[in-house]
Protein chains: 2
Amino acid sequence: MRADAQRNRDRIVEVARALFRSKGFDAVSMDEVAKGAEVGAGTLYRHFPTKESLYDAVLEAWADRVNAAVDRALTLDGPAREQLLSWLSDYAAMLTEHKGAAARITAALGDPGSPFAAKCQTYLGANQRVIEKLDSALRPGVEAMQISRLVGGVAAVVDNSELPADAAASMLAIVADGLLAS
Amino acid sequence: MRADAQRNRDRIVEVARALFRSKGFDAVSMDEVAKGAEVGAGTLYRHFPTKESLYDAVLEAWADRVNAAVDRALTLDGPAREQLLSWLSDYAAMLTEHKGAAARITAALGDPGSPFAAKCQTYLGANQRVIEKLDSALRPGVEAMQISRLVGGVAAVVDNSELPADAAASMLAIVADGLLAS
DNA sequence: TGCAAAGCGGAGAGAGTCTCCGTATAGTTC
DNA sequence: GAACTATACGGAGACTCTCTCCGCTTTGCA
């Protein structure tokens with residue numbers, strides 16, 4: 001990639017990250033991103049052929065943080081319930097960090113053609129690790145996809161309705177208790 | 001209302017219901033509805049000032065069916081878990097009946113200014129009745145809003161990803177067990 | 001039958017995503 | 001350092017969508 005192209009790409013992602021974070025996916029227009037990054041619309045669309053692909057680039061750094069959160073939760077001293085709850089709330093918090101991300105990523109969970117497919121694999125892998133570690137404490141037959149969708153659903157509701165942290169926590173507690181063996 | 005206006009209104013709602021049900025909220029354009037109902041855009045917008053208000057009119061008949069579903073579930077013979085599950089799956093099924101409805105209605109749960117406010121009250125009231133009836137079997141302190149949001153979140157995921165009924169059922173079972181006292 | 005009020009409908013404003021293509025520049029080769 | 005080519009730039013505008021404005025038509029009452 002030519003040096004000017006790389007500079008422009010970096011600037012676009014940086015500007016887009018700030019805009020998406022503060023205003024949410026829908027409320028940011030591509031024109032706005034182009035103007036903010038001081039490039040033309042053509043340049044923006046050459047780097048990112050759709051708005052979703054730009055969003056994907058903005059969310060790039062998340063995979064590492066997801067894995068770190070799993071590691072942290074699973075090495076906690078304490079009962080399985082506490083480890084599970086810690087992971088679920090970290091997971092939900094990461095999903096709601098950017099407005100609109102939770103619904104979008106969760107919708108892409110079963111769609112290999114989505115621009116978010118790589119991120120979904122990370123999430124599914126993280127939940128798979130949780131299942132393997134907590135195994136016997138969990139409801140028999142529970143799958144990574146179910147956890148991903150349940151928590152994604154809760155996160156999407158929290159995000160959409162801009163709920164406070166305690167509302168999110170109480171819903172996650174219900175999900176966690178449902179996931180634990182009864 | 002003048003007779004011609006009433007006829008047009010009825011035809012618009014009928015056409016819109018068919019389109020929304022088959023294609024989902026986002027994929028239907030107002031132009032399409034106007035053309036299908038053989039009216040001009042102006043006529044459509046006089047009857048329904050926004051696309052959401054048209055959607056609301058399309059969903060009008062639901063309130064009765066919600067209350068009927070609660071009645072049916074709560075008079076089932078069987079343990080609380082069975083009654084709860086029956087209601088939750090009816091509730092989720094109704095929310096996913098029209099593509100896009102689950103997310104929209106659930107997002108409006110806490111917003112009195114939404115065009116769906118009346119429908120939300122119906123849902124909250126239904127869940128409140130469930131809580132009062134099952135009371136001692138449920139997790140202490142559980143609220144109608146929490147149930148509405150949890151099931152709405154699950155329904156939105158099911159709807160978005162077009163999941164089969166058994167995937168929905170397994171997630172609702174987890175939520176139900178979380179809602180029951182442990 | 002005549003007339004005001006109510007309703008109709010389509011052109012078009014405004015906003016959004018995304019494309020096309022003439023122009024400019026980076027980086028290589030002599 | 002000059003010439004050349006592949007690469008990148010940028011903005012006008014095509015297309016689509018929601019929603020408005022306003023001149024024309026129809027209804028229903030007196």
Side-chain angles (χ1 to χ4, degrees), chain A residues 1-20 22-59 98-101 103-104 107-108 113-116, chain B residues 1-20 22-59 98-101 103-104 107-108 113-116:
Chain A
M1 189 182 292
R2 245 166 63 172
D4 54 345
Q6 184 66 58
R7 269 198 306 278
N8 278 336
R9 204 198 119 100
D10 292 348
R11 215 168 49 249
I12 287 169
V13 171
E14 193 183 331
V15 166
R17 177 176 292 121
L19 285 173
F20 282 140
S22 65
K23 304 173 65 172
F25 184 84
D26 287 338
V28 174
S29 80
M30 291 297 263
D31 235 46
E32 205 176 343
V33 175
K35 285 219 163 45
E38 297 176 312
V39 300
T43 302
L44 174 52
Y45 277 93
R46 194 166 334 90
H47 286 295
F48 304 101
T50 66
K51 193 178 176 183
E52 299 239 309
S53 69
L54 171 59
Y55 201 41
D56 186 60
V58 162
L59 302 183
H98 288 68
K99 215 166 163 12
R104 238 157 258 280
S114 155
F116 303 126
Chain B
M1 191 182 294
R2 248 167 61 171
D4 54 346
Q6 185 66 56
R7 270 197 307 277
N8 278 336
R9 203 200 120 102
D10 291 349
R11 217 167 49 249
I12 288 169
V13 171
E14 192 184 330
V15 166
R17 177 177 291 122
L19 285 172
F20 282 141
S22 66
K23 304 174 65 173
F25 185 84
D26 287 339
V28 173
S29 80
M30 291 297 263
D31 234 44
E32 207 175 344
V33 175
K35 284 218 164 48
E38 298 176 313
V39 300
T43 302
L44 174 51
Y45 277 93
R46 192 164 338 89
H47 286 295
F48 305 101
T50 65
K51 192 177 177 183
E52 300 240 309
S53 69
L54 172 58
Y55 202 41
D56 186 60
V58 163
L59 302 183
H98 288 68
K99 214 168 162 12
R104 236 159 262 280
S114 156
F116 304 126

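Below, chain A is the first sequence line, B the second, and so on; all start at residue 1. Fair warning: this is a prediction, and the values are worked out from it, not measured in the lab.
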**Request:** Starting at the 5' end of nucleotides 12-18 of chain D, put B wherever the base has a protein heavy atom under 4.0 Å, S where only the sugar-phosphate does, and a dash everywhere else.
**Result:** ------S
**Request:** Between protein and nucleotides 22-30 of chain D, map the contacts as a letter string: B base, S sugar-phosphate only, - none, heavy atoms under 4.0 Å, written 5' to 3'.
**Result:** ----BSS--
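In this structure, the side chain of B:Glu14 does not engage the main chain of B:Arg11 through any donor-acceptor pair within 3.5 Å. Put simply, the side chain of B:Glu32 gets close to the backbone of B:Ser29: a donor and an acceptor are under 3.5 Å apart.
The CG atom of B:Leu19 sits 10.5 Å away from the NE2 atom of B:His98 when rounded to the nearest 0.5 Å.
Contact detail for A:Val28 and A:Lys23: the closest heavy-atom pair is CG2-CB, 3.9 Å. Closest of all the heavy-atom pairs between B:Ala57 and B:Arg9 is CB-NH2, 4.2 Å. Of all non-hydrogen atoms in B:Leu59 and B:Ala101, the two that sit nearest each other are CD1-CB, 4.4 Å.
Comparing the end axes of the helix from C:dT1-D:dA30 to C:dC30-D:dG1, each fitted to five base pairs by superposing C1' atoms of four pairs onto the next four, gives an inter-axis angle of 10° (nearest 10 degrees).
Place B:Glu52 and A:Gln6 on DNA chain D by their nearest nucleotides, and A:Gln6 ends up nearer the 5' end.
Distance, B:Phe48 CZ to C:dG7 C1': 15 Å, rounded to whole Å. For B:Glu38 and C:dG9, the CD to P distance is 10 Å, given to the nearest whole Å. The distance from atom CG of A:Leu44 to atom P of C:dC18 is 10 Å, rounded to the nearest whole Å. Taking atom NE2 on B:His47 and atom C1' on D:dT20, their separation rounds to 16 Å, with Å as the unit.
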**Prompt:** Does the pair A:Arg7 and A:Asp4 meet the rule for a side chain to side chain contact (heavy atoms under 4.5 Å, CB included), with working shown?
**Reply:** CA-CA 5 Å; A:Arg7 269 198 306 278; A:Asp4 54 345; 3.6 Å; yes
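OP1 and OP2 of D:dA8 both lie 4.0 Å or more from every side-chain N or O belonging to A:Asn8. OP1 or OP2 of D:dG10 lies within a sub-4.0 Å distance of a side-chain N or O belonging to A:Thr43.
Shown for residues 9-18 of chain B: no residue has heavy atoms falling under 4.0 angstrom of DNA chain D.
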Only distances under 3.5 Å count here; give the side-chain donor-acceptor pairs of residues 33-50 of chain B to other protein atoms, sequence neighbours excluded, each with its distance to 0.1 Å.
unit_1  : atom_1 : unit_2  : atom_2 : d
B:Thr50 : OG1    : B:Glu52 : N      : 3.4
B:Thr50 : OG1    : B:Ser53 : N      : 3.1

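Under the 4.0 Å criterion applied to side-chain N and carboxylate O atoms, B:Arg104 and B:Asp26 are assigned as salt-bridge partners.
Shown here are the ring-ring contact (aromatic ring centres under 6.0 Å, His included) partners of B:Phe25, two or more places apart in sequence or in another chain: B:Phe20, B:Tyr55.
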